[in-house]
Amino acid sequence: RWTSLGAPQGINDVFATSVDYFDGAVAVSSERAGVYLCRVGANPFDTASVTVTHFHTRADTVRLRLPTDDVNVVRFGRDGVLWVAHIFGLARYDAGIERFVAVSLPITLGPEVTDVTFDRQGGVWVATPNGLGWLDPSINDFRVFTALNSGLISSHVNALSFDDSRNVIWIATDHGVSIYAPGIGAPTFSAEDATAYPNPFVTSGNGELLRFNYSGVAGVDIFTETGESFWSGASTAGGRGVNQSGNDVA
């Protein structure tokens, strides 16, 4: 069956641009009216119990204010944090101070953000008309992908979708769709700068490998927390979550 959220819940005259859901909450972005956060509870068809919070530029309190009412996309992160992509940039809701805070983008990106999505390692992917940004959670800094410095088919990125099953990101541009398998930063020949990916590595039995961003060929030894070696192999091969005997590890 169909039901609607609208004027009775306080959502008035809205040109909706996107919608996202997380744990009983529905976020709706609009072209001219900011963001509506709807708490729908266990039964979304019981509209009488829905409560709506409206975030916009004219709000009386700082907690409800947005930098603009022209919002392209709303997305909940994997931790439930609400992110807002708008014509002037990117913002996320900080529950600690109860307000939206701006996310600083590289000067070559933006200012408009057309989409945002999240990978399994906590990285934030940001689509803009000037390229694709990846916020690396390990260093809290951006890496920028464009048609000039990568295989991206066009720098004008409109939409993103992360595929958990294949660990790839789909990138919609004005010249077609690109597909990228996220790595762990730029390759390195320095052992001190080498890192493992994904981190944390979960042995889920789906064949995923523990990989390393080392550009050369090196030996890798993995130890338990007590200092016991349980796997050794080449950095180019990757680890499969098994010990030297071929048995699954915890």
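For reference, positions follow the sequence shown, starting with 1.
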Just how far is it from atom [atom1] of [X] to atom [atom2] of [Y], taken to the nearest 0.5 Å?
X	Y	atom1	atom2	value
Phe118	Asp164	CZ	CG	12.5 Å
Leu37	Ser29	CG	OG	12.0 Å
Tyr93	Leu66	OH	CG	10.5 Å
Leu132	Phe145	CG	CZ	6.5 Å
Thr17	Arg32	OG1	CZ	10.5 Å
Asn72	His86	CG	NE2	9.0 Å

I'd like to know whether Leu5 forms a side chain to side chain contact (heavy atoms under 4.5 Å, CB included) with Thr47, so could you lay out the CA-CA distance, the side-chain angles of the two residues, the decisive distance to 0.1 Å, and finally the verdict. CA-CA 7 Å; Leu5 302 176; Thr47 57; 3.9 Å; yes
For residues [X] and [Y]: do they belong to one hydrophobic cluster (side chain heavy atoms under 4.5 Å, members Ile, Leu, Val, Met, Phe, Trp, Tyr)?
X	Y	result
Val101	Leu90	no
Val124	Phe162	no
Val52	Tyr21	yes
Val35	Ile11	no
Val116	Val103	yes

Does any N or O in the side chain of [X] come within less than 3.5 Å of the main-chain N or O of [Y], such that one atom is a donor and the other an acceptor?
X	Y	answer
Asp20	Ala27	no
Asp174	Ser154	no
Ser155	Ala147	yes
Asp221	Ser232	no
Arg75	Trp83	no
Thr114	Ala127	yes
Gln9	Gly6	yes

Look at the rings of Tyr36 and His54 and say which category their plane angle falls in: under 30° parallel, 30 to 60° tilted, over 60° perpendicular.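 If you compare the ring of Tyr36 with that of His54, the planes turn out parallel.
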Return the orientation label for the Trp134 and Trp125 ring planes: parallel under 30°, perpendicular over 60°, tilted otherwise.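 Judged by the thresholds at 30° and 60°, the geometry between Trp134 and Trp125 is parallel.
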Locate the shortest heavy-atom distance separating [X] from [Y]; write the atom from each residue and the value.
X	Y	value
Arg63	Glu98	CG-O, 2.8 Å
Ile153	Ser178	N-OG, 3.0 Å
Ser18	Val73	OG-CA, 3.2 Å
Thr146	Asn149	N-OD1, 2.7 Å
Ala25	Phe76	O-CE1, 3.8 Å

Would Val144 and Leu109 count as a side chain to side chain contact (heavy atoms under 4.5 Å, CB included) if you check the C-alpha gap in whole Å, the side-chain angles of each, and the deciding distance to 0.1 Å? CA-CA 8 Å; Val144 176; Leu109 290 180; 3.9 Å; yes
Could you tell me whether the side chain of [Y] reaches within less than 4.5 Å of the side chain of [X], counting heavy atoms only?
X	Y	result
Val19	Val26	yes
His156	Thr173	no
Pro106	Phe142	yes

Assess the residue pair Phe223 and Ser229 against the criterion (side chain to side chain contact (heavy atoms under 4.5 Å, CB included)); give the C-alpha distance rounded to whole Å, side-chain angles, the decisive distance to 0.1 Å, and a yes or no. CA-CA 4 Å; Phe223 299 85; Ser229 175; 3.7 Å; yes
Looking at Ile171, Leu160, Thr128, which one forms a side chain to side chain contact (heavy atoms under 4.5 Å, CB included) with Asp115?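 Only one of Ile171, Leu160, Thr128 forms a side chain to side chain contact (heavy atoms under 4.5 Å, CB included) with Asp115, namely Leu160.
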Might you confirm whether atom [atom1] of [X] has over 12 heavy atoms from other residues, nucleotides or ligands at distances under 6.0 Å?
X	atom1	value
Arg78	CZ	yes
Asp79	CG	yes
Ile107	CD1	no

State whether a side-chain donor-acceptor pair under 3.5 Å links Thr57 with Asp69.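 Their side chains do contain a donor-acceptor pair, which is all the 3.5 Å distance test asks for.
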